[in-house]
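One structure is given below, encoded as structure tokens.
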2 protein chains.
Amino acid sequence: MDDIDSAIVRELQRDARQTNRELARRLGIAPSTCLERVRALRARGVITGYRATVDLRALNRPVQALLTIRIRPLNREVIERFKAFLVSLPEVLNIYVVAGGDDFLVHVAVPDLDRLHTMLMDSVFKRREVVDCRSSVIYQHVANDVIGPLTV
Amino acid sequence: MDDIDSAIVRELQRDARQTNRELARRLGIAPSTCLERVRALRARGVITGYRATVDLRALNRPVQALLTIRIRPLNREVIERFKAFLVSLPEVLNIYVVAGGDDFLVHVAVPDLDRLHTMLMDSVFKRREVVDCRSSVIYQHVANDVIGPLTV
DNA sequence: TTTGAAAGTTAGACAAT
DNA sequence: ATTGTCTAACTTTCAAA
């Protein structure tokens with residue numbers, strides 16, 4: 001991971017569909033060199049994939065919320081089973097398994113508050129391992145899409 | 001947004017770098033048609049960008065945490081100023097402005113717990129609008145990268 | 001809107017350094 | 001590791017349906 005690798009990672013986070021030639025031109029290296037670097041970064045697992053990002057409003061899911069969930073008993077099996085359950089819910093965008101008082105933080109996107117309520121009542125609350133669940137509507141979500149190495 | 005558009009959005013979320021020909025072949029349409037559809041989705045703002053995803057461990061940021069922050073006074077100016085401050089922190093991945101008891105949920109990634117502690121003490125706690133901050137280490141983070149329309 | 005065909009660009013392989 | 005060259009594959013335009 002030298003400076004060129006860092007720059008490639010930064011540029012491809014900014015725009016994953018720019019051509020290899022364009023990328024090489026920006027970095028001041030030959031296209032074949034650039035291609036080799038990108039492949040190596042992918043092979044080493046530094047770059048894990050390329051994804052289109054979408055507007056949740058355009059997909060009719062303008063309402064976002066964060067669910068704070070506690071489950072019991074806290075053992076591996078119950079945690080893994082509940083996590084798998086969350087993954088299976090189409091409303092779910094992100095699942096954070098956290099330390100501290102709460103066990104799960106779940107980021108969801110739904111068409112409206114009705115659908116959030118319905119999802120909570122028909123899916124989440126029915127799970128017997130759930131002992132507590134609070135939900136907070138998200139007013140705004142800002143994502144930092146370009147993650148760089150931290151300067152020490 | 002017909003079925004073909006939905007399929008395009010789904011496929012490009014899965015792999016944003018597949019060729020237009022490949023994408024067209026999967027959908028059973030002509031490459032020129034496919035190109036036109038993708039361009040329209042981008043122009044309409046359904047697809048907002050194309051981003052490489054990275055392994056946080058490979059970027060030397062293996063420790064993630066969620067900060068729950070309350071600020072006062074709660075008015076637009078203070079909220080916006082604090083949000084801008086958070087955006088400026090390189091450790092920050094996601095900022096959720098939420099309803100309910102807490103005001104901000106901040107997703108951060110750092111090299112180690114020392115850096116988390118340092119960041120909290122030297123940056124966050126020094127802000128006079130911060131009246132409360134709890135931090136939870138994230139054991140696991142699962143992202144649903146392919147967001148589809150919700151079937152009713 | 002969708003398409004096939006033509007023209008212009010690019011990716012990817014490879015031998016040389 | 002980096003590069004220039006080459007060929008196959010691809011993107012993009014456009015006239016026609």
Side-chain angles (χ1 to χ4, degrees), chain A residues 1-61 145-152, chain B residues 1-62 111 145-152:
Chain A
M1 277 299 275
D2 57 11
D3 287 352
I4 293 179
D5 280 345
S6 292
I8 290 174
V9 170
R10 173 168 39 76
E11 272 300 317
L12 288 179
Q13 285 182 93
R14 197 183 57 70
D15 178 9
R17 294 206 90 179
Q18 59 187 307
T19 66
N20 181 62
R21 290 181 98 88
E22 170 78 3
L23 183 59
R25 193 190 55 73
R26 281 181 200 274
L27 306 185
I29 58 179
S32 41
T33 308
C34 189
L35 191 65
E36 180 56 33
R37 290 267 195 162
V38 172
R39 275 207 275 238
L41 287 166
R42 190 81 170 86
R44 276 157 50 204
V46 178
I47 293 173
T48 55
Y50 303 98
R51 313 204 169 272
T53 53
V54 298
D55 179 9
L56 290 171
R57 270 163 296 225
L59 294 185
N60 190 33
R61 296 169 67 168
D145 295 310
V146 181
I147 305 166
L150 290 182
T151 53
V152 186
Chain B
M1 276 301 274
D2 57 10
D3 287 352
I4 293 179
D5 281 346
S6 292
I8 289 174
V9 170
R10 173 167 40 75
E11 272 301 317
L12 287 179
Q13 284 183 94
R14 197 182 57 72
D15 178 8
R17 294 207 89 179
Q18 59 186 307
T19 65
N20 182 61
R21 287 183 97 89
E22 170 79 3
L23 183 58
R25 193 189 57 72
R26 282 181 200 273
L27 306 185
I29 57 179
S32 42
T33 308
C34 190
L35 190 65
E36 180 55 33
R37 291 267 195 163
V38 172
R39 274 208 272 238
L41 286 166
R42 191 82 171 81
R44 275 157 49 203
V46 178
I47 294 174
T48 54
Y50 303 99
R51 312 203 169 276
T53 54
V54 297
D55 179 10
L56 290 171
R57 270 164 296 224
L59 294 184
N60 190 32
R61 297 169 67 169
D145 295 309
V146 182
I147 304 166
L150 290 183
T151 53
V152 187

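Sequence lines set the chain letters: A, B, ... in the order given, protein chains first and strands last, and positions in each chain run from 1. As the structure is a computational prediction, the values presented were derived from the model and not from experiment.
With A:R17 contributing its side chain and B:A16 its backbone, the two residues share a donor-acceptor pair below 3.5 Å. Side-chain atoms of B:E11 do not come within 3.5 Å of backbone N or O of B:I8 as any donor-acceptor pair.
The distance between atom CG of B:L23 and atom P of D:dC10, rounded to the nearest whole Å, is 13 Å. Rounded to whole angstrom, the span from the CZ atom of B:R42 across to the C1' atom of D:dT12 amounts to 17 Å. Counting to the nearest Å, the P atom of D:dA1 and the CD atom of A:E36 are 8 Å from each other. Computed from coordinates, the B:Q18 CD to D:dT11 C1' distance equals 15 Å when rounded to whole Å. Taking atom CZ of A:R39 as the reference point, atom P of D:dA1 lies 14 Å away to the nearest angstrom. Distance CG (A:L35) to P (D:dG4): 14 Å, rounded to an integer number of Å.
Nearest-nucleotide assignment on DNA chain D puts the 5′-proximal partner with A:G28, out of A:G28 and B:T19.
Taking all atoms of both residues into account, the shortest heavy-atom contact from B:N20 to B:P31 is ND2-O, 2.9 Å.
Residue A:R37 places at least one side-chain N or O closer than 4.0 Å to OP1 or OP2 of D:dT2.
Set against D:dG4, D:dC10, D:dT13, the side chain of B:S32 has D:dT13 as its closest nucleotide.
With respect to the salt-bridge test (charged N to carboxylate O, under 4.0 angstrom), the residues A:D2 and A:R37 qualify.
Boundaries of the chain B contact region on DNA chain C are C:dT2 to C:dG4, first to last in 5' to 3' order (nucleotide atom under 4.0 Å from a heavy atom).
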Evaluation steps, salt bridge (charged side-chain N to carboxylate O under 4.0 Å, His left out), between A:R10 and A:D3: CA-CA 10 Å; A:R10 173 168 39 76; A:D3 287 352; over 6 Å; no

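By the 4.5 Å heavy-atom criterion applied to side chains, B:L56 and B:P62 are not counted as neighbours.
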